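To keep things clear, I will list the structure first and then write my remarks on it.
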Amino acid sequence: MRSRYTHLECHECHTTFDISIPQNYCPSCEQPLLARYDYTSSIDRSVLKNREHSMWRYQEFLPILDPSNIISLGEGWTPILPLKKLSRQLGIKDIAMKEEGGNPTGSFKARGIAMAVSKAHELGINEFCIPTAGNAGSALAAYVAKQDGIAHIYMPEATPRVFQKDCEIMGARVTKVQGSIKDAGIKMSKDREGYSWWDITTLKEPFRLEGKKTMGLEIAEQYNWELPDVIIYPTGGGTGLIGIWKAFQELLEIGWISHIPTKMIAVQTKACDPVVKAFHDKSPGTEVYENPKETIANGLRVPKAFGDKLIMKTLYESNGYAVSYSDETIIKRLEDFARTEGLFLSPEGGAVIEAIYDLRDKGFIKPSDRVLALNTGSAYKYIENLL
Ligand SMILES: *Cc1c(COP(=O)(O)O)cnc(C)c1O
């Protein structure tokens, strides 16, 4: 088991950075840094055979150099559930769902935060700050508690109370901020002046992406190295979308897959859909979405993602698509789906199911397609929103 991690690289100017020094983002481009690996010598897929079933089984593809630095609460290796009734109903060959709601603290944010906190631990960092719509905060509070570190968490006032409470129970310092996650980020930046808090805002830190990348590695393995034709992902800051795509590129490079047929679909909420607008304008990045409305899909209320250019690049490179739906539509679909398949999804997951119907009607999803939907979080943290 040995990591192939070699350097960090700005995705825009391609400047490289030393991995032994903590880096946030490219200081000249103000763009995300990507972890790069040396895959020139081959690795046999059989190395996976006797490894533990968690996201850490892909050690070669991950930035942790010494596995003893891993801080784990049992994240990853989530199930892919066939949705047979839905497939039949829609006349589509194969629809399945990767159910991320069973991750620690109830969402796939655990993957990114576990990686970020573990890597920070390896670099000697133990005080963190983050703006969050809820789930990232819960995850940070948990992993930092396990690390014996300190977490400063900034969340919008409208975040369901359960998120504030569980962060506080796990010992984090929580500040509520009027406005959106963007305003929470601005307040956080002011408060951290003069302190050495490690900022792990989505994509302003390179390793949450590497944690989310493990979803793509798992998908490839769970599909027996024949990727699905369509992946539908609820997009806020975009790390999942970008991470899955990054995983596929790396698997192609090492030769574990032979081609990438997958179209990546970003799903947003009508309350805040900067990616959808940019996609229809064929723009390389998004505008700031002014005055985002309230929505039950908190995780998608991101007016301007720091990784917007990487989100758009993923959609264009994969011949993907972007769509958004109203809360009303999402709730209806969520209920209907729960009664069909027995899965109670987060609102973000409900939006993803709606996209399957919509994209089939638009002719984008074909009857012969293998479709993978992601449910990114547990419904049970959103009861307050649904009441
Ligand atoms: C954060 C979050 C999202 C958005 O994820 P990104 O990777 O930031 O795009 C989607 N769903 C849930 C439940 C979330 O918590």
Side-chain angles (χ1 to χ4, degrees), residues 83 86-87 89-92 95-98 100 108 133 215 228-245 261-290 292-305 307-337 345-367 369-377:
L83 306 177
L86 190 67
S87 304
Q89 196 182 323
L90 292 178
I92 295 167
I95 308 175
M97 167 164 277
K98 192 160 175 65
E100 291 284 312
F108 76 140
M215 281 190 291
D229 301 299
V230 179
I231 291 180
I232 311 183
Y233 179 83
T235 305
T239 33
L241 189 86
I242 301 162
I244 291 170
W245 193 243
T262 317
K263 299 182 177 84
M264 301 294 294
I265 314 295
V267 181
Q268 299 205 295
T269 156
K270 283 256 187 270
C272 182
D273 59 356
V275 170
V276 176
K277 185 169 184 313
F279 183 78
H280 290 292
D281 294 345
K282 300 190 170 59
S283 166
T286 73
E287 306 279 332
V288 179
Y289 191 95
E290 298 294 346
K293 290 172 239 6
E294 295 297 327
T295 170
I296 54 163
N298 305 72
L300 307 184
R301 195 163 173 264
V302 181
K304 165 91 177 171
D308 62 331
K309 289 185 179 173
L310 290 168
I311 296 174
M312 300 317 296
K313 195 160 164 257
T314 301
L315 296 180
Y316 300 136
E317 274 181 15
S318 72
N319 297 310
Y321 207 77
V323 283
S324 61
Y325 306 106
S326 68
D327 277 11
E328 206 185 7
T329 306
I330 293 171
I331 291 173
K332 256 197 220 132
R333 184 57 67 201
L334 195 133
E335 289 179 359
D336 176 64
F337 182 75
L345 308 180
S346 63
E348 292 85 350
V352 164
I353 298 298
E354 178 63 23
I356 303 178
Y357 284 78
D358 182 24
L359 293 171
R360 184 213 47 174
D361 290 348
K362 287 187 163 87
F364 187 92
I365 294 179
K366 313 223 158 29
D369 279 342
R370 294 150 79 224
V371 178
L372 180 66
L374 275 110
N375 180 44
T376 42

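Owing to the predicted nature of the structure, the values given are computational and were not obtained by experimental measurement.
N319 and F364 make their closest contact through O-CZ, 3.6 Å (heavy atoms, listed as atom of the first residue, atom of the second, distance). Contact record, P274 with P303: CG-O, 3.6 Å, taken as the closest heavy-atom pair. Nearest heavy-atom pair across G236 and I311 is O-CD1, 4.3 Å. Across all their heavy atoms, A305 and G237 have their closest contact at CB-O, 3.7 Å. The nearest pair of heavy atoms linking G320 to K263 is CA-CB, 4.3 Å. When all heavy atoms are compared, the tightest approach of A266 to V275 is CB-CG1, 4.2 Å.
Between D369 and K366 there is no salt bridge, since no side-chain N of the basic residue sits under 4.0 Å from a carboxylate O of the acidic one. Look at E294 and R301 and you find a salt bridge, because one of the NZ, NE, NH1 or NH2 atoms lies within 4.0 Å of a carboxylate O, short of that distance. Taking a cutoff of 4.0 Å between a charged side-chain nitrogen and a carboxylate oxygen, K277 and D281 qualify as a salt bridge.
Residue I231 holds its CD1 atom at 9.0 Å from CH2 of W245, rounded to the nearest 0.5 Å. Taking CZ from R360 and CD1 from I92, the interatomic distance works out to 6.5 Å, rounded to the nearest 0.5 Å. Annotation: the span from D308 atom CG to K313 atom NZ amounts to 13.0 Å, rounded to 0.5 Å. Here the straight-line distance linking atom SG of C272 with atom CG of N298 works out to 11.5 Å at 0.5 Å rounding. With rounding to the nearest 0.5 Å, the separation of CD1 in I95 from CD1 in I356 is 5.0 Å. Taking CG from L315 and CG from L241, the interatomic distance works out to 5.5 Å, rounded to the nearest 0.5 Å.
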**Message:** Determine whether I232 and V323 satisfy the following criterion, side-chain contact (heavy atoms from CB on, under 4.5 Å), listing intermediate values before the conclusion.
**Reply:** CA-CA 10 Å; I232 311 183; V323 283; over 6 Å; no

**Request:** Kindly determine whether M312 and T286 satisfy side-chain contact (heavy atoms from CB on, under 4.5 Å), including the steps that lead there.
**Result:** CA-CA 8 Å; M312 300 317 296; T286 73; 4.1 Å; yes

**Item:** Verdict with reasoning, K98 to F108, per side-chain contact (heavy atoms from CB on, under 4.5 Å)
**Value:** CA-CA 10 Å; K98 192 160 175 65; F108 76 140; over 6 Å; no

**Derivation of the side-chain contact (heavy atoms from CB on, under 4.5 Å) call for L359 and I265** = CA-CA 10 Å; L359 293 171; I265 314 295; 3.7 Å; yes

**Prompt:** Would D336 and K332 satisfy salt bridge (Lys or Arg N to Asp or Glu O under 4.0 Å), going step by step from the backbone distance to the final call?
**Reply:** CA-CA 6 Å; D336 176 64; K332 256 197 220 132; over 6 Å; no

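A side-chain donor-acceptor contact under 3.5 Å links T235 to the backbone of Y233. Checking side-chain atoms of Y321 against main-chain N and O of V267 turns up no donor-acceptor pair under 3.5 Å. Without hydrogens or angle criteria, S324 side chain to D273 main chain gives no donor-acceptor distance under 3.5 Å.
Figure legend: cation-pi geometry between R333 and Y357, with NZ or CZ positioned under 6.0 Å from the six-membered ring centre and within 45° of its axis.
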Enumerate donor-acceptor pairs with a distance under 3.5 Å from any side-chain N or O in residues 370-377 to protein atoms, sequence neighbours excluded.
unit_1 : atom_1 : unit_2 : atom_2 : d
R370   : NH1    : E226   : O      : 3.3
R370   : NH1    : L227   : O      : 3.1
R370   : NH2    : E226   : O      : 3.2
N375   : OD1    : S346   : N      : 3.4
N375   : OD1    : S346   : OG     : 3.0
N375   : ND2    : E99    : OE1    : 2.8
N375   : ND2    : G377   : O      : 3.0

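Shown here is Q89, whose CD atom has more than 12 heavy atoms of other residues, nucleotides or ligands within 6.0 Å. When the shell of 6.0 Å around NZ of K309 is examined, it contains 12 or fewer heavy atoms from other residues, nucleotides or ligands.
A 4.5 Å side-chain heavy-atom check between M97 and I353 finds at least one atom pair inside the cut-off. Put simply, the side chain of Q268 does not reach to within 4.5 Å of the side chain of F279, judged on heavy atoms.
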